[in-house]
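What follows is a single structure, written as structure tokens, with notes after it.
For the single chain, residues carry numbers from 1 onward in sequence order. All ligand and atom numbering here is 1-based and tracks the order in the structure. As the structure is a computational prediction, the values presented were derived from the model and not from experiment.
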Amino acid sequence: MAPSNSPAAGPSLTLSEEHRMLQQAARDFAQNEIQPVAAEFDESGKFPLETVKKMGQMGFMGIEVSEQYGGAGMDTLAYVLALEEICKVDAAHGTIMSVNNSLFCYALERFGTEEQKQKYLVPVASGEAIGAYSLTEPMSGSDAANMRSRAVRQDDHYVLNGRKAWVTNAPAADTVMVFTMTDPDKGHKGISAFLVDSDLPGFSLGKPEPKLGIRASATSEIVLEDIELPVSSRLGEEGEGFKIAMAVLDAGRIGIAAQALGIAESAYAASLQYAREREAFGQKIGQFQGIAFKLADMKTRIEASRLLMYQAALAKEASKGTDKRYTLEASMAKLHASETSMFCAHQAVQIHGGMGYSKELPIERYFRDAKITEIYEGTSEIQRLVISRLELDLR
Ligand code: CAA
């Protein structure tokens, strides 16, 4: 269900021909390839490997990665435009795409050695392999630095042990970027990042996470049992892992803003159509102010989210090749878009009444899928913490 009335770009931005072509290609792909299977994969919770492989062939799994490393060589704006289109149709496919692009590939291109890029980035960016990012643990979510897993250095290798939780893509991933403690006495400065192949001895999947929404994006715990890794599998320097994790989440949060926006737009488009067609008490329900004003609020929040997302994408693009951070822009875009997504999905269910609650329409799926955008890659509370700390600058 494509939105009928969303501008291709906000007033402050004109999309290039290349951006429009990619946007259209993603829209067509989502309609033709994902739409027919979205409800089925949501129901079964199975990983949609076939469509994900096709997304790789389309270049959607490494949009910003330079062509020399198997990517499409486009910019952040291109990435969010494509992701938004995929998420208008199915947020679960969007989650798989966003983790691959803005967490795994971005981290490798920015912090990886040439050898690591050749070995891990090329296959994942080109869609031949799937990447995952693993920061969270059963006892650490928002307080990300408080982890119990360990990597102990022994001569020329590390031995990894522990349990990581909520790893998106884990059951399908070829390589997982794992953040773990190398020096517990140093707090966040004792965390390091590692590239762990899922076929290594000692790597196994733990509990699958039985989720409310984005059900087709497979998520599970991973268990690390005496995994031996050469030093060359460490991403960045020892002790640099937390900063890598945070810097990469800045990129990831812009992707979640795009995902949230896509869900919100579809919830809005369906509501608009329903309000024009459905009659009650002898008139179209859109003629009741109680419905019309909901639509006005949805539309306004959607367009505000779009501008914040564009601002964040442009800030990220401008930061490339520099040390400049775009944390504030990314957190504001994610916060506003995710709360807009939940707001719009909630209103859409209400406007549709019983039909909004029925599995005959995708509205209830939008409602279930929207919720995660306020939780993962930093809850709304964490985004408010990040934004206010940066603004107050009291520390
Ligand atoms: N970029 C670079 N460095 C950063 C940074 C950023 N965005 N944010 C913080 N840092 C640096 C700080 O400068 C600081 O460095 P120094 O020690 O040199 O001063 C260091 O990191 C520690 O920062 P803080 O003191 O701010 O750390 P904190 O522990 O107080 O709080 C937090 C940090 C913002 C709360 C952080 O823990 C956080 O973002 N938590 C949420 C975690 C999260 O988003 N998890 C989602 C997991 S991924 C996911 O959802 C799964 C998926 O597959 C989709």
Side-chain angles (χ1 to χ4, degrees), residues 83 87 91-92 94-107 110-111 130-147 164-173 176-179 183 186-193 209 211 213-214 217-222 236-237 239-260 312 315-316 319 322-335 338 369 371-395:
L83 183 56
C87 293
T95 299
I96 297 163
M97 176 176 162
S98 82
V99 167
N100 208 78
N101 275 271
S102 47
L103 296 183
F104 190 89
C105 289
Y106 177 69
R110 186 162 163 195
F111 298 103
I130 293 173
Y133 169 102
S134 174
L135 177 67
T136 304
E137 298 194 355
M139 298 309 289
S140 92
S142 291
D143 185 5
N146 183 25
M147 49 182 68
K164 308 291 288 185
W166 288 101
V167 188
T168 304
N169 289 354
V176 183
M177 187 175 295
V178 174
F179 297 87
D183 190 344
K186 289 189 180 162
H188 71 261
K189 288 190 166 68
I191 292 170
S192 304
E209 307 293 357
K211 305 193 300 278
I214 56 160
S217 70
T219 311
S220 78
E221 289 189 345
I222 58 173
E237 296 301 316
E240 239 183 29
F242 191 71
K243 285 195 182 177
I244 293 175
M246 291 298 116
V248 171
L249 277 172
D250 286 343
R253 288 166 183 169
I254 302 176
I256 303 307
Q259 177 181 49
K316 178 178 168 215
S319 80
T322 74
D323 283 340
K324 211 161 171 274
R325 278 171 55 176
Y326 48 90
T327 308
L328 181 68
E329 291 87 345
S331 282
M332 290 192 305
K334 199 251 181 200
L335 174 64
S338 59
D369 288 351
K371 186 59 206 170
I372 192 60
T373 67
E374 293 182 320
I375 298 173
Y376 66 6
E377 300 204 20
T379 61
S380 292
E381 290 75 12
I382 289 296
Q383 306 312 324
R384 288 188 166 88
L385 180 90
V386 169
I387 296 163
S388 58
R389 273 185 184 174
L390 286 168
E391 283 297 281
L392 286 162
D393 195 19
L394 289 176
R395 299 197 305 158

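Checked by distance only, ligand 1 and Y376 stay at 3.5 Å or farther apart across all their nitrogen or oxygen atoms. Residue-to-ligand polar distances place G378 within reach of ligand 1: an N/O pair is separated by less than 3.5 Å. Taking only nitrogen or oxygen atoms, main chain and side chain alike, T136 does not reach within less than 3.5 Å of ligand 1. The shortest N or O to N or O distance between W166 and ligand 1 is not under 3.5 Å. Between D143 and ligand 1, a contact under 3.5 Å exists for no N or O pair.
Contacts of K186 with ligand 1, taken as heavy-atom pairs under 4.0 Å, are absent altogether. Contact annotation for T168 and ligand 1: heavy atoms of both the backbone and the side chain come within less than 4.0 Å of the ligand.
Among Q383, M246, R389, the residue whose heavy atom sits closest to atom 8 (N) of ligand 1 is M246. When the heavy-atom distances from atom 20 (C) of ligand 1 to K189, H188, E381 are ranked, the shortest goes to H188. Nearest-residue assignment for atom 48 (S) of ligand 1 (options Y326, F104, F179, Y133; heavy-atom criterion): Y133.
Of all atoms in ligand 1, listed by their number and element, those nearer than 4.0 Å to a heavy atom of K243 are 15 (O), 16 (P), 18 (O). Residue V386 has at least one heavy-atom neighbour below 4.0 Å for each of these atoms of ligand 1: 34 (C). Interface of T327 with ligand 1, defined as ligand atoms under 4.0 Å from a residue heavy atom, comprises 7 (N).
Classified by interplanar angle (parallel below 30°, tilted 30° to 60°, perpendicular above 60°), the ring pair Y106/Y326 is perpendicular.
N169 contributes atom CG, which lies 8.0 Å from atom OG1 of T219 (distance to the nearest 0.5 angstrom).
At least one heavy atom of G141 sits less than 4.0 Å from an atom of ligand 1. Not a single heavy atom of A145 sits closer than 4.0 Å to an atom of ligand 1.
Sorted by first then second residue, the salt bridge (Lys or Arg N to Asp or Glu O under 4.0 Å) pairs that include residues 373-385, not counting sequence neighbours, are E339-R384, K371-E374.
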